Q: 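Right, I'll just put the structure down here and ask away after.
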2 protein chains.
Amino acid sequence: MKRKITLKQIARELEVSISTVSKALKDSAEISEDTKQKIKAFAKLYHYRPNNLAISLKNRRTKNIGVIIPDIVHYFFTTVFRGIEHYSQEHGYNIIACVSDESLEKEIINMEMLANGSVDGFILALSAETQKKNEFDHLREILDQGIPLVLFDRVTDEIECDKVMINDQEAAFLGVKKFIDNGRKKIALITTEDYFSVSRDREAGYRQALLQFGLPLDEDLILKLPFMALDESAINMFFSTQEVDAVLCVNEIFAIHCMNLVQQKGIKVPEEISFIGFTDGILSKYANPGLTSIAQHGFRMGEIAAKMLIGKIEDDLGEEEEETYHTEIIRSNIIERGSTIN
Amino acid sequence: MKRKITLKQIARELEVSISTVSKALKDSAEISEDTKQKIKAFAKLYHYRPNNLAISLKNRRTKNIGVIIPDIVHYFFTTVFRGIEHYSQEHGYNIIACVSDESLEKEIINMEMLANGSVDGFILALSAETQKKNEFDHLREILDQGIPLVLFDRVTDEIECDKVMINDQEAAFLGVKKFIDNGRKKIALITTEDYFSVSRDREAGYRQALLQFGLPLDEDLILKLPFMALDESAINMFFSTQEVDAVLCVNEIFAIHCMNLVQQKGIKVPEEISFIGFTDGILSKYANPGLTSIAQHGFRMGEIAAKMLIGKIEDDLGEEEEETYHTEIIRSNIIERGSTIN
DNA sequence: AAATACTACGAAAACGGTTTCGTGTTGATA
DNA sequence: TATCAACACGAAACCGTTTTCGTAGTATTT
């Protein structure tokens with residue numbers, strides 16, 4: 001078991017100084033060709049690699065970025081993660097991945113752990129609890145320390161920083177419009193409790209569409225389900241008391257689950273009830289019938305988030321301009337499948 | 001924008017030495033109560049946190065572990081990741097997550113990047129290409145440097161290290177047995193090309209079961225699909241030329257896909273053809289009918305991998321015993337759903 | 001021959017901590 | 001009163017780099 005070799009050891013072995021070795025390996029003009037050759041050969045022979053920690057300490061830059069997501073067993077977040085990873089990788093950054101588990105406390109702990117030199121910046125989607133409690137001091141502190149932060153998908157207006165999201169309201173609007181174009185009249189919305197930024201926006205789009213196209217707004221057609229545990233009986237109750245011919249769901253799981261329950265009742269999809277979901281994950285694709293779904297382009301979202309963050313990180317190295325923040329909106333689009341009529 | 005405060009700054013401000021500050025904050029008995037109080041109060045006021053990099057450099061331990069998985073948009077790996085993250089978090093370790101994208105080269109690059117001081121150990125599932133090419137020098141080098149490594153799921157006999165996997169062969173055996181118990185006679189296996197360790201083991205279990213229960217072994221009933229891109233026409237061809245009444249698939253996607261295609265032909269599942277898949281992911285659960293599936297207990301696998309790795313890491317700090325390696329087998333079990341007859 | 005300019009290298013500080021080993025000042029002991 | 005511990009603190013080395021600056025030795029210029 002051979003420990004990694006260091007500059008010091010090379011220096012001792014070759015009877016030169018550490019600085020000489022360091023410079024030689026960087027091909028500095030200060031060092032004679034002879035010496036450089038000797039040192040390089042020796043370094044190669046012993047597989048010398050500079051120690052990342054030492055370099056990070058010296059540069060005050062880690063080339064790591066912290067990604068904190070609420071849940072990783074979740075198609076959308078995973079896809080975004082993939083996009084972040086892809087862009088970062090190409091630009092020489094590593095990802096330290098943390099899962100907040102929808103908990104504010106874990107979100108805080110994770111950020112604090114990483115903020116002490118472990119990462120150069122954060123990419124984050126707010127946990128459910130964070131959004132519910134409207135607690136953002138931990139984010140403010142990070143920003144105060146000059147650590148860049150990019151929020152994606154689950155964002156908040158209370159924090160000024162870079163953000164990436166989709167046009168949720170418009171997307172929901174277009175979903176409802178599609179139902180209306182297909183002649184649907186009783187359009188339900190199945191969503192989470194109010195505290196999610198995305199759910200609020202999607203609900204706004206739903207309402208806007210009904211209003212704009214002159215359909216009555218029936219509050220009973222809006223079902224708000226608890227986010228964490230799917231409540232089957234609530235869903236069943238909803239579908240036996242309400243008469244609906246189309247359902248917009250704010251996420252894939254809700255949609256698939258409802259579609260299954262409805263089909264079990266013998267109701268035909270899409271003939272009697274149409275469904276549209278958000279996320280366009282793997283479930284939508286393989287469902288029976290396929291679920292028409294609003295693609296959130298997670299991969300692109302991740303890439304853009306990473307790009308924005310790395311941009312900020314590397315800008316911070318240059319002149320200290322006053323901060324400007326951007327909000328990038330990714331246009332979603334509807335992927336049509338069997339759960340709606342073409 | 002206030003930069004993080006350091007020991008040096010506290011020392012200067014309070015007109016004591018750096019060592020005194022360091023000791024005071026660790027509540028060392030060497031420092032008088034008075035001074036300690038003063039320093040602690042000051043540190044608290046300014047939110048002092050030690051710099052992780054400096055500590056890591058000093059201790060030669062990062063409290064980071066590198067996790068390299070072939071693909072993160074994949075229920076099983078994600079679940080394992082979750083388990084790793086959970087255990088690690090509780091033990092004060094962070095995860096640096098890399099995706100090898102089924103590529104040997106990316107696997108190597110990732111490992112080399114992280115091996116230079118960024119992590120204390122690795123948890124890894126081999127990429128497809130790595131298994132195909134049987135190239136493991138990068139793993140040997142890691143181990144040579146004394147960096148602990150745990151392999152999970154996609155493993156190899158060529159490398160001696162800790163491993164975690166499920167009883168793939170037995171699981172496949174039991175799957176086939178279930179078909180046979182249900183009176184099925186023409187049992188197909190849909191698998192990947194040979195180079196995956198898990199696929200080989202599962203195929204072995206399939207063959208063993210047929211043999212043991214006296215069913216003829218028909219090589220034409222084994223369909224090997226390319227791993228990366230699902231080949232629909234090959235599947236269609238298979239089902240129109242072969243007469244089968246049960247199908248064991250080595251993963252969830254294959255199973256769901258085949259089940260859908262078969263159903264499109266108007267064949268009834270499970271009456272005419274039964275299906276069993278591996279992985280028991282989200283697709284199995286929401287498929288129509290639900291897919292009977294072999295649960296791989298990814299979360300537990302992740303926890304165990306992390307436990308083994310962290311154990312090794314922290315043992316290495318103690319006496320240098322000769323290395324012993326373990327292979328942990330997690331017992332899988334069948335989750336029954338509508339795709340098989342009860 | 002003296003002044004100057006390169007060349008090729010080393011010493012040392014710095015990044016931000018931890019830790020070992022002094023050491024000056026007390027107060028108690030012989 | 002000389003000796004010794006205990007106390008409270010600081011200096012310095014160390015982790016592994018990078019980088020600035022200084023300086024011998026040689027080569028060039030005037």
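Small disclaimer: the values here were computed from a predicted structure and weren't measured. Per chain, numbering begins at 1; letters A, B, ... match sequence-line order.
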Q: Which angle, to the nearest 10 degrees, lies between the helix axes at the two ends of the helix from C:dA1-D:dT30 to C:dA30-D:dT1, each defined by five pairs?
A: 80°
Q: Counting just side-chain N and O atoms, does B:Lys58 come under 4.0 Å of either OP1 or OP2 of D:dG16?
A: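 Answer no for this pair, as no side-chain N or O of B:Lys58 is under 4.0 Å from OP1 or OP2.
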Q: Any chance the side chains of B:Ser100 and B:Ser103 put a donor and an acceptor closer than 3.5 Å?
A: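 There is no such pair (donor and acceptor under 3.5 Å, judged by atom type) between the side chains of B:Ser100 and B:Ser103.
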Q: In whole Å, I'd like the distance from the CD atom of A:Gln9 to the P atom of D:dC14.
A: 14 Å
Q: Anything under 4.0 Å to a heavy atom of chain B counts; send over the first and last such nucleotide of DNA chain C, read 5' to 3'.
A: C:dC15 to C:dC21
Q: Does OP1 or OP2 of D:dG16 have a side-chain N or O of B:Arg60 closer than 4.0 Å?
A: yes
Q: List in chain and number order the residues that pass side-chain contact (heavy atoms from CB on, under 4.5 Å) with A:Ala306, two or more places apart in sequence or in another chain; answer none if no residue qualifies.
A: A:Ile84, A:Tyr87, A:Ser88, A:Ile123
Q: Among all residues two or more places apart in sequence or in another chain, which pass the side-chain hydrogen bond (donor to acceptor under 3.5 Å, both in side chains) test with B:Glu303?
A: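 Checked B:Glu303 against side-chain hydrogen bond (donor to acceptor under 3.5 Å, both in side chains); matches are B:His86.
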Q: Got a sec, which pairs hit salt bridge (charged side-chain N to carboxylate O under 4.0 Å, His left out) with one end in residues 6-26 of chain B, sequence neighbours left out?
A: B:Lys23-B:Glu30
Q: Applying salt bridge (charged side-chain N to carboxylate O under 4.0 Å, His left out), which residue pairs with at least one partner in residues 86-99 of chain B are found, sequence neighbours left out?
A: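 Matches after skipping sequence neighbours: none remain.
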Q: Taking side-chain hydrogen bond (donor to acceptor under 3.5 Å, both in side chains) as the test, write out the residues that go with A:Glu85, two or more places apart.
A: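 A:Glu85 satisfies side-chain hydrogen bond (donor to acceptor under 3.5 Å, both in side chains) with no other residue.
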Q: Rounded off to whole Å, could you give me the CG-to-C1' distance for the B:Leu14 and D:dC9 pair?
A: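 Atom-to-atom, B:Leu14 to D:dC9, this comes out as 14 Å.
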Q: Taking side chain to side chain donor-acceptor pair (under 3.5 Å) as the cut-off, I'd like each qualifying pair that reaches into residues 132-143 of chain A, sequence neighbours left out, listed once.
A: A:Glu107-A:His138, A:Glu129-A:Lys133, A:Asp137-A:Arg140
Q: Filter on salt bridge (charged side-chain N to carboxylate O under 4.0 Å, His left out), then keep only pairs touching residues 146-155 of chain B, sequence neighbours left out; what's left?
A: B:Glu102-B:Arg154
Q: Should the pair B:Arg60-B:Asp120 be classified as a salt bridge under the 4.0 Å nitrogen-to-oxygen rule?
A: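 Salt bridge: no.
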Q: Between atom NZ in B:Lys38 and atom C1' in D:dA8, what is the gap in whole Å?
A: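 Taking atom C1' of D:dA8 as the reference, NZ of B:Lys38 is at 12 Å.
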Q: Quick one: list whatever passes side-chain contact (heavy atoms from CB on, under 4.5 Å) with B:Ile5, sequence neighbours left out.
A: B:Gln9, B:Ile10, B:Phe42, B:Tyr46, B:Tyr48
Q: Scan residues 15-32 of chain B against DNA chain C and write down, sorted by residue number, each residue with any heavy atom closer than 4.0 Å; if none is found, say none.
A: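 Those residues are B:Ile18, B:Ser19, B:Ser22, B:Lys23, B:Lys26, B:Glu30.
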Q: Rounded to the Å, how far apart are B:Gln37 CD and D:dA8 C1'?
A: 15 Å
Q: Return each pair, listed once, that meets salt bridge (charged side-chain N to carboxylate O under 4.0 Å, His left out) where at least one residue sits in residues 39-58 of chain A; pairs must be two or more places apart or across chains.
A: A:Asp27-A:Lys40
Q: Please state how far atom CG in A:Leu57 lies from atom P in D:dT18, giving the value in whole angstrom units.
A: 12 Å
Q: In this structure, how many angstroms lie between the C1' atom of D:dG16 and the CZ atom of B:Arg61, rounded?
A: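 Taking atom C1' of D:dG16 as the reference, CZ of B:Arg61 is at 18 Å.
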Q: Using a heavy-atom cut-off of 4.0 Å across all strands, would you classify A:Ser56 as base, sugar-phosphate, or nothing?
A: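 Nothing: the residue A:Ser56, judged by heavy atoms under 4.0 Å, touches no strand.
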Q: Quickly work out the A:Asn59 CG to D:dG16 P distance and round it to whole Å.
A: 17 Å
Q: What is the distance, to the nearest angstrom, from the CG atom on A:Asn51 to the P atom on D:dT17?
A: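 In whole Å, D:dT17 P lies 5 Å from A:Asn51 CG.
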